[in-house]
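Just so you know, residue 1 is the first one in the sequence shown, and it goes up from there. As the structure is a computational prediction, the values presented were derived from the model and not from experiment.
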Amino acid sequence: MAKLRQPLSNPDTSPRSLKSKDWDNMSRWSEYLHGESSPATSGSWKHAGSELNQVLGICRKVCKWSGVVQLSKVAEGLMAKMYRLNHILDKPDLPSNSYADSFWQAGVFPNFPKICIFVSKKFPEHPNKLQLDRVDKFSLDAMHENAEGYLQNLEPWVMLLVDLMAFREQALRLILDLSSTVITLLPHQNSLILHAFMDLFCSFVRVNLFSDKKNDDSSIHFILHAMSRGRDCDFYHRLVQFVDSYDPPVKGLQEDLNFVSPRIGEVLEAVGPTIFLSTDTKKLRNEGFLSPFHPRYPDILTNSAHPLRAQDLANVTSYREWVLVGYLVCPDELLRVTSIDIAMVVLKENLILTLFRDEYVSVHEEYQLYVLPRVLESKKMAKSGRAKQKEADLEYNVAKQVEKMISEVHEQALLSCDAIHHERRILLKQEIGRMVLFFSDQPSLLAPNIQMVFSTLALAQCEIIWYFRHVGVSSSKSKPARVIPIDIDAADPTIGFLLDGIDKLCCLVRKYIAAIKGYALSYLSSCAGRIRFLLGTPGMVALDLDNTLRGLFQQVVHCLETIPKSQGENISAVICDLSDLSVRYWLSILMIVTSSRSAINIRHLEKATVSTGKEGLLSEGNAAYIWSRCVDELESQLSKHGSLMKLYFYHHHLTTVISLPYLGTLCLGLRDLPQHCCAWLGVASSFPDCASTIVPEEITILYVESLIESIMGGLEGLINILDSEGGFGALEMQLSPEQAALRMINAVKVSNLSMKSPKGLSGLSLPGYESYPKNNSSVKMLEAAMQRLTNLCSVLNDMEPICVLNHVFVLREYMRDCILGNFRRRLLTVLKTDNGLQRPSVVESLIRRHISIIHLAEQHISMDLTEGLREVLLMEAFTGLVSNLHNFEKPAGMQTGSAVEFICHWYMENIVKDSSGAGIVFMPMRNCFTSSQPVGGYFAESFTDLLELKSLIHVFGGYGLDRMDRMLRDHMAALLNCIDTALRSNHDHLEVIAGSINTGDRIEREASLKQILDMETLVGFCIQVGQAIAFHQILVEAAKVVLEEKAPLLVSLMHGVAKQLPDEIPEKDEVKRLRRVATSMGVVSDHDMEWVHLIMLEANAAADNSWSLLPYLCASFMISNIWNSTTFNVSTGGFNNNVNCLARCINAVIAASEFVRLERGEYQRQSTSNGHANEVLEPEILSRATVEANAKSAMQLYTKCSAVILLDSWSDSTRSNIVPKLIFMDQLCELSPYLPRSTLEMHIPYAILRSIYRQHYGNSSSMAIEILAPSPRQSPAVSLAHSSPAIRHHRGDSTPQSKAHSIPVISSSHQQEEYDVDVKAKAGDKQHRGMRSSGPLDYGSGRKVKFVEGSTSGGQGPSPLPRFAVSRSGPLLNK
């Protein structure tokens, strides 16, 4: 056996105090020991370190036991510091001397890569001999100048190297001391001391492996130290000696631990049976080691066949680490006969050796580099001595087997390690599932089997951590350049089951923690009698124990006998401190009896008590110690075996594993995955325990956030799957009328073609197609998705808040935000298509489908998602202070939601303004707009139909309508401003035209008409005004229909209020508000005038006398070039270029301007009369009747002027555009409540209109138009010299839907019907003109009429056609 290497001379290597002699003083580790116990401290001593100092006074002469626990803590602190340094330097590749930019920018080393890398490569050669000025003189000079600063940055990490040197000396000395003084290290005799010793042994090895090659720190530090303080070669040589002795570290460890190698071999042989048992899944299952009842004998509820072995399974993770580490640094122990199988089992199922957190080394590479050469050397020596002794022959054969095992096990591990662990995970999944069910049904049996539960938790914990440690690991085989990634199935569902099972088992233990403590207290009470009996046996009496040991045993019995008894079921009220029993007395006994220097050792006690036929004294004491921890440290034990805090360092793998296989396939067959998702989140609550108390570091919450994001992404995926066209959309398509119609068309085609089957004609399946078993996969998918959704919502709703550091994650809130956020994104998505806006009815259908899915989820969530949906829709319609919504007058800068903003802008640009040039035309017969080409993928009627706008209001409510109304009002205000500008700029010409109408000066009138500026542009603006009025009318009608459905009482109330509003002028503000509301609800008689009137008041329009010339300006439109391309469309009841909207503009703007002018005049009169109190005259009271009279007068003036201009321009060359003008005038008369038909007949005979309508509506295509006859004698221009003209876009629908201005098509059989007019009936119709639904009629020659209003024309005497005079009520009704 090789000799132990001599320790370094002058052990205190601190650069600050090189002469200090306190090497053996543990106070040097105060930085590492003053903090709380490190969470990574392994073994059962983890929670006993603080109390152990009470025992040290008694046992100081036995062994230096304090160093065992303390140095294990120091090892954790040293590795935490090295881990921190490694991450600060961005994990440099030291062997290849390749460093990233972040390495130099970290501020640890001087940022002079050239000279630093050169010194590192030449290590351990002294820097003074390297002639560094030739390498990089500039960097060397800079290091000279700032040596103190660089040294200050580097010194903390050099002190870490010094601490490593000190730790190596103390730990090695203590390991050797314990190995030589402890009699036995067996798991069933003194497992506590065994675990403490092996933990220190493994920590010593891991620290040295983790600190591989620290030459960079030492070499650069010496340069700086020499520059600032002079030479210190002694310190430098000691650093070089330390680094060189562990380069490579495994060889140094093999030499240092050569003396303890036999003891390590004994320990590994002792734990071999437990390792073999843990790998034999068949035996574990058949023998019931992890089952609360015997699998072959279900009547035996408690498994008492293998209590100790099942209990020892909780330590199998530590045993496997001992094997990997022990045989690596003590390779001679592999030559034991039984060691080959132990090493083979462990190496076959592991690829890496974890050093600290997520740092590891490839265990097979280390074995091939450092263990295999030692085995070959032993084989060579045994081969040379085979002829001399038989033992050498056996040693040769064993060495040969070990060589073969090490050479082949790597390949086997690559192929089978995942399969081995997968089989083990399946076993644990089954056993944990049975445990949860059994203990939930029989909770009284949980306490007797608590140790078995701990073993199961420990095994499951080991498997989960192994899985994530090996995800993404790559291993190189014989050739270094050949790197093989480890094939780990990322979609393995057993991980989720294990997580869920661990969580459920831990919850059961915590639920019945009082019962477990009560059972433990009962066991300890009964244990007191057994120990007292064993102490009184003849064998124990014959041992003649010394006073110290006898006193300790008596104290143990006293503690057990004084345990308080539980009072009934109130076990939680029992207060019992067993720390003296477990730490002060029993551990002191073990320290004494396991020491080789003690007169009474552990073997004596076993021989003295084993003859009784019962458990020995040590077995009873160890059992009492274990059950005492179930009273004092039950929560800590549960955390030790069930905590998955180490997964924090693999959270990037966690996110990958969860987001791809689990939630990505949430609907495709895996069971109970929602519970698994919550189990993943539950892991995060233990992550703060990973923070080291030695090195300040931050435990981030990125894992929790990314995991919640992944889970919520799965939730969104489920909702979107159900909301897709392959989900509920497929069912809707099967039930839609369009699909039924297409199938009927298919059936007709098939019958005509005499085909047997319609399959393949249109790609549509017949009704009932989904009912066939072979075709019901989509239905099964929907059912699975619905079940997944409800399960996930239920589990997330029931999950407790997760606390990570100072952050609290409430899954219900995340789920609510996820569902509502997804709804908002879905809303914005369905609004748009590739070409623009989606049809509102389609949007409503899709949104209702999505909401129905959310309502399905809402049944399993304890929160109101419906209110959240309303908030989202409100937010998309309005963004701002909610208090603004309560005000009648909205702020000017009030913001609108993105959805409504997009919709309103689209309607304004594409419908009202027709910016795309799609030929938008209003159709009075259908009360909607149409287009000559598609707008956004559909024709305009698909967006402006009453039902479509109803759908829009159903989705966004009144606030969306308010935004559209504001945009229309702004647009109207701009157009009215253009009209105001035209009136001002053409004021003089219009006055001339007005004078010429009265004087009959045709030449002067025509000259002035030609001088009107920008007439064509102004006509276009007026048509846009009419389009805006028509579109607003449809909006109002849609809102009224929705209100009648949802709030009929409110509509009825507003109807009554509108009728009772006072007619006085000027109106009070309250009356204006009520009238504005009534207008927006469609309960007023004249929507057009009321809406334009409100806009004029807001825009301060019609503010001067130039608006009195508005009828003349509108009449001048009769000479516009727009009439050259105007034709009347029978199918729409309007004109091809939307001139019918011009009629709505003229009617509404003239009437509203008269209202505004009259109102402002009254305001001015009242303000003037306030200064003349003595005035006695009674002022005239104005009312809306006055407004109506003024509007009638203005409209009559407009009709007269338009007729004059129209008829004066009658000639052979202009006959083609006379027809649309005449129809336009008739439609204006039909539309306007201020223009009686008798007024129109005073200027334009109805014989002309009758002929025109016969031409348009008659079936005979040969019927001639009288007005187009070639002879001018037939022209009525002479007799109608003073007829009245009118021009404006026809408003297709000025009333609600019931009064649509549809022009009926008159067939030839109806052309000869006679019409009779009842004057009284017509007088009644006069009051409700706005509610008529008639249009231009066929006036037969036999019609009987009575003349009511004036029958003479302007100045030519009686009208030549008095029999066509009718009342102002409009077209006649059929008799």
Non-hydrogen side-chain atoms of Gln1027 and Ile911 separated by less than 4.5 Å | no
Is a donor on one side and an acceptor on the other found under 3.5 Å between the side chain of Asp965 and the backbone of Ser1080?
-> no
Just do the side chain to side chain contact (heavy atoms under 4.5 Å, CB included) check on Tyr907 and Leu949 with the steps written out, would you?
-> CA-CA 11 Å; Tyr907 270 101; Leu949 294 179; 3.8 Å; yes
Find out whether His989 and Leu1013 are in side-chain contact, i.e. whether some heavy atom of one side chain is under 4.5 Å from a heavy atom of the other.
-> no
Heavy atoms only: give me the nearest Ala982-Ser985 pair and the separation to one decimal.
-> O-OG, 3.2 Å
Measure the CD1-CZ distance between Ile1205 and Phe1117 for me, rounded to the nearest 0.5 Å.
-> 10.5 Å
Candidate pair His1093 and Glu1159, rule side chain to side chain contact (heavy atoms under 4.5 Å, CB included), full reasoning | CA-CA 11 Å; His1093 170 241; Glu1159 198 171 21; 3.1 Å; yes
Heavy-atom check, side chain of Val912 versus side chain of Gln1024, under 4.5 Å = no
For atom NZ of Lys913, decide whether the heavy atoms of other residues, nucleotides or ligands shown that lie under 6.0 angstrom number more than 12.
-> yes
With sequence neighbours left out, what residues match His1032 under ring-ring contact (aromatic ring centres under 6.0 Å, His included)?
-> His1087, Trp1091
Minimum-distance pair of heavy atoms, taken over all atoms of Met925 and Ser1131 | SD-O, 3.3 Å
Closest approach of Ile1119 to Lys1010 (non-hydrogen atoms, all atoms of both residues) = CD1-N, 4.4 Å
Examine distances only and state if a side-chain atom of Asn1138 and a backbone atom of Val921 form a donor-acceptor pair shorter than 3.5 Å.
-> no
Residue pair Leu983 / Leu990, side-chain heavy-atom distance below 4.5 Å = yes
When you check the gap from the basic side-chain N to the acidic O, do Glu1188 and Lys1192 get nearer than 4.0 Å?
-> yes
Positive for side-chain hydrogen bond (donor to acceptor under 3.5 Å, both in side chains) with Tyr1234, one of Thr1239, Asn1190, Asp1086 | Asp1086
Between the CZ atom in Phe1021 and the CG atom in Leu975, the distance rounded to the nearest 0.5 Å is 7.0 Å
Apply side chain to side chain contact (heavy atoms under 4.5 Å, CB included) to the pair Arg1184 and Phe1155, showing each step before the final yes or no.
-> CA-CA 8 Å; Arg1184 296 182 73 87; Phe1155 195 167; 3.3 Å; yes
Donor-acceptor contact below 3.5 Å, side chain Ser1106 vs main chain His987 = no
Parallel, tilted or perpendicular for Phe1135 and Trp1123, by the 30°/60° rule?
-> perpendicular
Separation between CZ of Phe1128 and CG of Asn1136, rounded to the nearest 0.5 Å | 11.0 Å
Compare all side-chain heavy atoms of Ile1223 with those of Ile1252 and state whether any distance is below 4.5 angstrom.
-> yes
Residues Ser1183 and Glu1064: side-chain donor-acceptor under 3.5 angstrom | no
Side-chain heavy atoms of Met1225 within contact of Met1118, under 4.5 Å = yes
Hey, are Arg1002 and Glu1006 close enough for a salt bridge, meaning a charged N less than 4.0 Å from a carboxylate O?
-> yes
Any side-chain heavy-atom pair from Ile993 and Ile1012 closer than 4.5 angstrom?
-> yes
Does Gln933 reach the main-chain N or O of Phe939 with its side chain, forming a donor-acceptor pair under 3.5 Å?
-> no
Quick one: does Val1149's side chain get under 4.5 Å of Met1096's, heavy atoms only?
-> yes
Could you tell me whether a side-chain N or O of Glu1162 sits under 3.5 Å from a main-chain N or O of Arg1157, the two making a donor and an acceptor?
-> no
Is a side-chain donor-acceptor pair under 3.5 Å present for Asp988 with Gln1011?
-> no
Drop me the distance from Asn927's CG to Thr944's OG1, to the nearest 0.5 angstrom.
-> 9.0 Å
Nearest heavy-atom neighbours spanning Glu1067 and Lys1072 = O-CE, 3.5 Å
Do we see a donor-acceptor contact under 3.5 Å between the side chains of Thr1079 and Glu1090?
-> no
Go through the steps for Glu1004 and Ser996 under the test side-chain hydrogen bond (donor to acceptor under 3.5 Å, both in side chains), then give the verdict.
-> CA-CA 7 Å; Glu1004 184 179 10; Ser996 65; 5.9 Å; no
Do you see a donor-acceptor pair shorter than 3.5 Å between the side chains of Thr999 and Asp1001?
-> no
For Leu968 and Phe1031, which heavy atoms make the closest approach, and how far apart are they?
-> CD1-CD2, 3.9 Å
Is a side-chain N or O of Asn1129 found less than 3.5 angstrom from the main chain of Gly1133, in a donor-acceptor match?
-> no
Reported OG-to-CD distance for the pair Ser916 and Glu909, which is rounded to 0.5 angstrom | 9.5 Å
Roughly how far, to the nearest 0.5 Å, is CG of Asp1226 from CG of Leu1231?
-> 11.0 Å
Closest heavy-atom pair, Glu941 versus Cys928, reported as atoms and distance to 0.1 Å, is CB-SG, 4.0 Å
Answer yes or no: is there a donor N or O on one side and an acceptor on the other, between the side chain of Asn910 and the main chain of Trp906, under 3.5 Å?
-> yes
Taking the side chain from Glu1016 and the backbone from Asn1121, do they hold a donor-acceptor pair closer than 3.5 Å?
-> yes
Please output the side-chain donor-acceptor pairs of residues 1107-1115 that fall under 3.5 Å, not counting sequence neighbours, one pair per line with the distance.
residue	atom	partner	partner atom	Å
Trp1107	NE1	Asp980	OD1	2.6
Ser1108	OG	Asn1105	O	2.5

For the pair Glu1154 (side chain) and Ala1194 (backbone), establish whether a donor and an acceptor sit closer than 3.5 Å, ignoring hydrogens and angles.
-> no
With side chain to side chain contact (heavy atoms under 4.5 Å, CB included) as the test, would you mind laying out the steps for Met1242 and Gln1196 before giving the verdict?
-> CA-CA 10 Å; Met1242 291 170 56; Gln1196 289 175 359; over 6 Å; no
